[in-house]
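Working notes for the structure below.
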Amino acid sequence: MDLDCTEAEEDFRRRLRAWLAEVLPKLPDPPDPADWPARRAYDCGWQRMLYDAGYAGLHWPEDAGGQGATPTQHLIFLEETERAGAPYVGANFVGLLHAGPTIAAEGDAEQRARWLPPILRGDEVWCQGFSEPEAGSDLASLRTRAVRDGDSYVVTGSKIWTSHAEVADWCELLVRTAPAGDGAPPHRGISWLAMPMDAPGVTVRPLRTLAGTAEFAEVFLDEVRVPVAHRIGAENDGWRVTMVTLSFERGTAFVGEVVACRRVLAALAREAKAGGRWDDPVLRRRLGRLAAEFTALWRLTQWNVSEAQRAGGVPGTGGSVFKLRYSHARQELYDAAAEVLGAGALDAGHPWVADRLSSLSYTIAAGTSQIQHNIVAERILGLPKGR
């Protein structure tokens, strides 16, 4: 794999840097992290700026409305936007990194034309309706029902940890369209729907996290009608479509965060030197090991992005390797931040402290570390399934 930059790619970097230097000083101050309507407006405004400048969906295929960029251009974009302190995808996370790529890979022409342009423009926000109160890591045991009634499904059930539901227009929703049982595997009979969040019968109850924000919610569905035309993939084939979604979630959705963690690590070293902690050899070894860890994760990111491009844009099982190690490395990074901060680690207003609290969820979100261990063992190492 050759990821050395060509002259055209270096020119892309120069143009991107110049554009960022021009537009970032003009952005308004970010809103309060707890004000999700304001955050949605801010995040979607930034997404529209990217769209107008030709940087939205940079690595999406051209027939999906993207730019068809090379893997190296995609990585350059992530590096330069993070180093410049540009806004992250924020409320657009699910649409840009999960639902959109899934629809691009699995949707028909009409579905792609309906949903992908608004995602890229920042006009519509998506949330993720996968987990249920009794179907988290064991997602295939979900019980939310969708009964066919003419040209619609009538959906009844509930979801939990629904990302950005409070401000979302659409939900990527997993439902059971055929009953489990009769000896069939539980993942049979699941379908993937695009559900409008303003449909009658949808109730959203925000969940406040340890960090004090409400980026998750419970969603209750009381005979919600969803058009059959909003189903992505065939009826009862939703588990396969879901594996496509999860491959994006675990394989390429976190790549920008690796760059952010490397930046935080450099800031930690500067803080340790300024505060007199750099003389501690144990701390220096810890930060050095983390530097090596995130360098390796960035190389794995490069490989995953390149492999996804070769596979038609869909990441492979290597994403589970990345997700598994990154989740733990992020927690270790912010544990080191607490050590550097000392008593300051009790200041909930410090961004490193807030990030430390959010890092606790990473070994659970997007598939627990235990699930990732199983995927690596079975699908990469070829080990037998546990009994």
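No experiment lies behind these values; they were computed from the predicted model shown.
One finds no salt bridge joining Arg15 and Glu80 here, because no Lys/Arg side-chain nitrogen approaches an Asp/Glu carboxylate oxygen to under 4.0 Å. Using a cutoff of 4.0 Å between basic side-chain nitrogens and carboxylate oxygens, Arg40 and Asp169 are scored as salt-bridged. A salt bridge is defined here as a Lys NZ or Arg NE, NH1 or NH2 lying under 4.0 Å from an Asp or Glu carboxylate O, and Arg325 with Glu293 meets this definition. With salt bridges taken as basic N to acidic carboxylate O contacts below 4.0 Å, none links Arg39 and Asp35.
Taking the side chain as every heavy atom from C-beta outward, Glu218 and Leu207 approach each other to under 4.5 Å. For the pair Tyr42 and Asp29, the minimum side-chain heavy-atom distance is 4.5 Å or more. Residues Trp192 and Glu106 are not in side-chain contact: their nearest non-hydrogen atoms beyond the backbone lie 4.5 Å or more apart. At least one side-chain heavy atom of Leu27 sits less than 4.5 Å from a side-chain heavy atom of Pro87.
With Glu132 contributing its side chain and Thr144 its backbone, the two residues share a donor-acceptor pair below 3.5 Å. Judged by distance alone, with hydrogens and angles left aside, the side-chain atoms of Asp149 form no donor-acceptor pair with the main-chain N or O of Val154 at under 3.5 Å. Side-chain atoms of Ser158 never come within 3.5 Å of backbone atoms of Val219 as a donor-acceptor pair (strictly under, hydrogens ignored). Of the possible donor and acceptor atoms, one in the side chain of Lys159 sits under 3.5 Å from a partner among the backbone N and O of Leu174. Under a 3.5 Å cut-off, the side chain of Arg112 and the backbone N or O of Arg114 do not form any donor-acceptor pair. Looking at Glu332, its side chain never comes within 3.5 Å of a backbone N or O of Leu290 through a donor-acceptor pair. A donor-acceptor pair is defined here as one N or O able to donate and one able to accept, closer than 3.5 Å; no such pair exists between the side chain of His230 and the backbone of Met195. In this structure, Gln111 contributes its side chain and Asp108 its backbone to a donor-acceptor pair below 3.5 Å.
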request  = Check the pair Arg188 / Trp239 against side chain to side chain contact (heavy atoms under 4.5 Å, CB included), numbers first and verdict last.
outcome  = CA-CA 7 Å; Arg188 299 279 174 84; Trp239 188 253; over 6 Å; no

task = Would you sort out whether Val264 and Tyr334 count as a side chain to side chain contact (heavy atoms under 4.5 Å, CB included), showing the intermediate values?
result = CA-CA 9 Å; Val264 169; Tyr334 286 105; 3.7 Å; yes

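A parallel orientation is assigned to the rings of Trp170 and Trp126, their planes being inclined by less than 30° (bins at 30° and 60°). The aromatic rings of Trp161 and Phe216 lie perpendicular to each other, with more than 60° between the two planes, well past the 30° mark. Between His164 and Trp36, the angle of the ring planes lies from 30° to 60°, which puts this pair in the tilted group.
In summary, the side chains of Glu9 and Gln73 do not present any donor paired with an acceptor at a separation below 3.5 Å, with no hydrogens or angles considered. For the 3.5 Å distance criterion, the side chains of Glu172 and Thr102 fail to qualify, holding no donor opposite an acceptor.
Judged as a salt bridge (charged side-chain N to carboxylate O under 4.0 Å, His left out), and not counting sequence neighbours, Arg262 has no contacts.
In this structure, Leu173 is not a member of the same hydrophobic cluster as Ile190, with clusters built from ILVMFWY side-chain heavy atoms closer than 4.5 Å. Linking ILVMFWY side-chain heavy atoms closer than 4.5 Å, directly or via other members, places Leu58 and Leu24 in a single hydrophobic cluster.
In this structure, Arg176 CZ and Asn236 CG are separated by 9.0 Å, a value rounded to the nearest 0.5 Å. Separation of atoms OG1 (Thr177) and CG (Leu193) is listed at 7.5 Å; rounding is to 0.5 Å.
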